[in-house]
Amino acid sequence: HVQLVESGGGSVQAGGSLRLSCVSSGYSDCASDMSWYRQAPGKEREFVALIDNSHTSRYADFAKGRFTASREHTKNTLYLQMNSLKPEDTAMYYCKRVFRGYGERGVTCPSPDFDHWGQGTQVTVS
């Protein structure tokens, strides 16, 4: 059973910073991509940033230059450093992990057909 737990959200003033964390349980030997999404009230969930299994990162346009994602494979942990926050960054931030279906040392890995989500952490910028 894959679990993801986000933390680090809170309320900050415009221009401030926050660092979000996402810890995923288990399957450290399985290849996976991890990403951040966010959803503001009344809006659809949108992509923020991704770090794939090869540590290649990709960002939404609004995140470039302000947000930095990082990842510790051994700890199954994903981070999002958010600087120069704006009121429009207010949203629930979610972590997602998608497995690639293979891993090291012949381990059995979760199917790549499913997206695994955390419960989210609220970020409010005023």
**Q** Using the rule that two of Ile, Leu, Val, Met, Phe, Trp, Tyr join whenever any of their side-chain heavy atoms come within less than 4.5 Å, decide whether Val23 and Met34 are in one cluster.
**A**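 Val23 does not cluster with Met34.
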**Q** Kindly work out whether a path of hydrophobic side-chain contacts (I/L/V/M/F/W/Y, heavy atoms less than 4.5 Å apart) joins Phe99 to Trp117.
**A**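 No, it is not one cluster - the side chains of Phe99 and Trp117 are not joined through contacts under 4.5 Å.
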**Q** To the nearest 0.5 Å, tell me how far Leu4 CG sits from Asn76 CG.
**A**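 The distance works out to 9.0 Å.
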**Q** Heavy-atom count check: over 12 atoms from other residues, nucleotides or ligands less than 6.0 Å from Gln13 CD?
**A**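 Not buried by this count: 12 neighbours or fewer within 6.0 Å.
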**Q** Could you check whether Arg38 makes a cation-pi contact with Phe62, meaning its NZ or CZ is under 6.0 Å from the centre of the six-membered ring and within 45° of the ring axis?
**A**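 So Arg38 does make the cation-pi contact.
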**Q** Return the OG to CD1 distance between Ser32 and Ile51, rounded to the nearest 0.5 Å.
**A**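 So the OG of Ser32 and the CD1 of Ile51 are separated by 11.0 Å.
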**Q** Given side chains that start at C-beta, do those of Leu78 and Arg97 come closer than 4.5 Å, heavy atoms only?
**A**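 Side chain of Leu78 against side chain of Arg97, heavy atoms only: no contact under 4.5 Å found.
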**Q** Is the shortest heavy-atom distance from the side chain of Ser126 to the side chain of Ser11 under 4.5 Å?
**A**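 No; the side chains remain at least 4.5 Å from each other.
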**Q** Rounded to the nearest 0.5 Å, what's the gap from OH on Tyr94 to CD on Glu46? Could you check?
**A**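 Result: 12.5 Å between the selected atoms.
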**Q** Rounded to the nearest 0.5 Å, what separation is found between the OG atom of Ser24 and the NZ atom of Lys96?
**A**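 Rounded to the nearest 0.5 Å, the OG-NZ separation comes to 13.5 Å.
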**Q** Of all the heavy-atom pairs spanning Val125 and Thr90, show the shortest one and how long it is.
**A**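 Looks like N-OG1, 2.8 Å.
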**Q** The test is side-chain contact (heavy atoms from CB on, under 4.5 Å); show your working for Met82 and Asp89 and say whether it passes.
**A** CA-CA 10 Å; Met82 303 188 295; Asp89 294 318; over 6 Å; no
**Q** Please report the closest heavy-atom contact between His55 and Arg71, naming both atoms and the distance.
**A**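 Looking at all heavy atoms of both residues, the shortest contact is CE1-O, 3.4 Å.
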**Q** Show the nearest heavy-atom pair for residues Ala49 and Ala69, with the distance to one decimal.
**A**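 Between these two residues, the closest heavy atoms are CB-CB, 4.1 Å.
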**Q** Which residue pairs pass the disulfide (SG to SG under 2.5 Å) test when at least one of the two sits in residues 42-101, sequence neighbours left out?
**A**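 Qualifying pairs: Cys22-Cys95.
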**Q** Applying side chain to side chain contact (heavy atoms under 4.5 Å, CB included), can you list everything that pairs with Thr121, at least two apart in sequence or on another chain?
**A**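 Counting only residues at least two positions away or on another chain, Thr121 forms a side chain to side chain contact (heavy atoms under 4.5 Å, CB included) with Glu6, Leu20, Tyr93.
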**Q** Cluster question for you: counting only ILVMFWY and a side-chain heavy-atom cut-off of under 4.5 Å, with indirect links fine, are Leu18 and Phe67 together?
**A**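 Same hydrophobic cluster.
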**Q** Do side-chain atoms of Asn53 reach the backbone of Asp33 as a donor and acceptor pair under 3.5 angstrom?
**A**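 Pair absent, no side-chain N/O of Asn53 close to backbone of Asp33.
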**Q** How long is the straight-line distance from OG of Ser25 back to NE2 of His1, given to the nearest 0.5 Å?
**A**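 One gets 7.0 Å once the value is rounded to the nearest 0.5 Å.
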**Q** Kindly confirm or rule out a cation-pi arrangement of Arg66 over Tyr59, judged by NZ or CZ under 6.0 Å from the six-membered ring centre and within 45° of its axis?
**A**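 That pair does not qualify as a cation-pi contact.
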**Q** Val12, Met92: one ILVMFWY side-chain cluster at the under-4.5 Å cut-off?
**A**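 Result: no, two separate clusters.
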**Q** Report yes or no: do Tyr79 and Leu50 belong to one cluster of Ile/Leu/Val/Met/Phe/Trp/Tyr joined by side chain heavy-atom distances under 4.5 Å?
**A**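 Per the 4.5 Å side-chain linkage, Tyr79 and Leu50 are not co-clustered.
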**Q** Identify whether the distance between the nearest side-chain nitrogen and carboxylate oxygen of Asp61 and Lys64 falls below 4.0 Å.
**A**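 A salt bridge links Asp61 with Lys64.
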**Q** Nearest heavy-atom pair of Ser84 and Ser17: which atoms, and what distance?
**A**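 In this case the closest contact between Ser84 and Ser17 is N-OG, 4.4 Å.
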**Q** Would you compute the distance between atom CZ of Arg58 and atom CG of Asp52 and round it to the nearest 0.5 angstrom?
**A**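 Answer for the CZ-CG pair, Arg58 versus Asp52, is 9.0 Å.
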**Q** Report the residues that fulfil side chain to side chain contact (heavy atoms under 4.5 Å, CB included) with Phe114, sequence neighbours left out, ordered by chain and then residue number.
**A**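 Ser111, His116.
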